[in-house]
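Below is one structure, written out as structure tokens; the observations come after it.
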Amino acid sequence: DNIMTGVVTATNSGTANLQITNNRALLVGAISSGGAVTLVAKNGAGISLGNGNTNITGAGGVTLTGAAAHTLAGNVIVTATDNDIVVNQGINAAIAGTQSLTFAAGSGDIDLQGDIGGTRIDNFVVSSADNVNLNDVVADSIAVTAGSIDLIGDTYTATVGDATFT
């Protein structure tokens, strides 16, 4: 069984915090918070991100934590307004080459602690960040724009389009 959330909106500056503590997958729809967004899946599960085209927006930052790799169930845009984005596991497409993933942190940092595209994603984009820590990426196209980019993996493969780091 899965647990699914539709649209979650927190209009104040508090944290939108969703936690799953059993072995169910957390299926996340759109989430918007005037504060931080923290999503946690425990006990062997990752987070299934997306329900169609999904925006996850945390004005106070975004943290995705799971015990296993996260999966894109749709196209996902993760935005933290001049704050940090941290993802503790890799992120894979549900079906190779069909789901896109975009991060925007403005002047915040992006720390991607796992590989992106263990199952190849479509377009991987970092549109803004002060600093990006990036493990391996396999996608149809890769576009990363940041003040500094730390390539801490070994493989950065764009299978269809270009791989650009600026």
Side-chain angles (χ1 to χ4, degrees), residues 1-95 98-137 139 144 146 152-153:
D1 290 339
N2 296 320
I3 295 176
M4 180 173 180
T5 64
V7 175
V8 175
T9 303
T11 56
N12 61 15
S13 61
T15 297
N17 186 359
L18 301 173
Q19 290 195 43
I20 303 301
T21 57
N22 57 20
N23 286 325
R24 295 179 178 181
L26 176 61
L27 301 176
V28 175
I31 296 176
S32 178
S33 174
V37 172
T38 301
L39 304 176
V40 179
K42 297 181 179 181
N43 297 334
I47 302 169
S48 183
L49 299 164
N51 183 7
N53 293 321
T54 298
N55 294 314
I56 299 172
T57 304
V62 176
T63 301
L64 307 177
T65 302
H70 310 303
T71 303
L72 297 174
N75 297 322
V76 175
I77 299 172
V78 180
T79 305
T81 308
D82 296 327
N83 276 291
D84 296 344
I85 298 171
V86 177
V87 182
N88 82 316
Q89 294 285 345
I91 301 177
N92 300 315
I95 300 170
T98 59
Q99 292 89 20
S100 294
L101 177 61
T102 300
F103 291 100
S107 62
D109 294 335
I110 298 175
D111 185 10
L112 303 177
Q113 299 170 3
D115 296 342
I116 303 297
T119 300
R120 184 184 85 253
I121 66 173
D122 184 16
N123 300 307
F124 174 74
V125 176
V126 173
S127 61
S128 65
D130 183 41
N131 181 62
V132 175
N133 292 323
L134 191 59
N135 276 289
D136 294 346
V137 178
V144 179
I152 55 180

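FYI, the numbering just counts along the sequence from 1. Heavy-atom basis, side chains included; hydrogens, waters and symmetry copies ignored.
- Annotation: side chain of V40 is in contact with side chain of T38 (closest heavy-atom distance under 4.5 Å).
- In this structure a side-chain-to-backbone donor-acceptor pair under 3.5 Å is missing from T57 to S32.
- Rounding to the nearest 0.5 Å places CG of D130 at 9.0 Å from CG of D84.
- The side chain to side chain contact (heavy atoms under 4.5 Å, CB included) test applied to N83 returns A80, not counting sequence neighbours.
- Between V87 and Q113 there is no side-chain heavy-atom pair separated by less than 4.5 Å.
- Partners of N55 according to the side chain to side chain donor-acceptor pair (under 3.5 Å) rule, which considers only residues two or more places apart in sequence or in another chain, do not exist here.
- Here the CD1 atom belonging to I116 is positioned 4.0 Å from the CD1 atom belonging to I91, to the nearest 0.5 angstrom.
- Side chains of N75 and N53: a donor on one and an acceptor on the other come within 3.5 Å.
- The minimum heavy-atom distance linking A105 with I110 is given by the pair CB-CG1, 3.7 Å.
- Under the 3.5 Å distance criterion, with hydrogens and angles disregarded, a donor-acceptor pair is assigned to the side chains of D82 and S107.
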Atom pairs and distances, side-chain donor-acceptor, residues 60-71, under 3.5 Å, sequence neighbours left out:
unit_1: H70; atom_1: ND1; unit_2: I47; atom_2: N; d: 3.1

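- A93 is linked by a side chain to side chain contact (heavy atoms under 4.5 Å, CB included) to Q99, T119, I121, counting only residues two or more places apart in sequence or in another chain.
- L101 has its side chain within reach of L72: a pair of non-hydrogen atoms, C-beta onward, lies under 4.5 Å apart.
- Side-chain N or O atoms of N123 include none that pairs as donor or acceptor with a backbone N or O of S100 at under 3.5 Å.
- Evaluation of the side chain to side chain contact (heavy atoms under 4.5 Å, CB included) rule for S128 yields A104 as partners, not counting sequence neighbours.
- For T98, there are no side chain to side chain donor-acceptor pair (under 3.5 Å) partners two or more places apart in sequence or in a different chain.
- For the pair V137 and L112, the minimum side-chain heavy-atom distance is 4.5 Å or more.
- Across T79, L49, I77, a single residue satisfies side-chain contact (heavy atoms from CB on, under 4.5 Å) together with I56, and that is L49.
- Using a 4.5 Å heavy-atom cutoff, the side chains of F124 and V144 are in contact.
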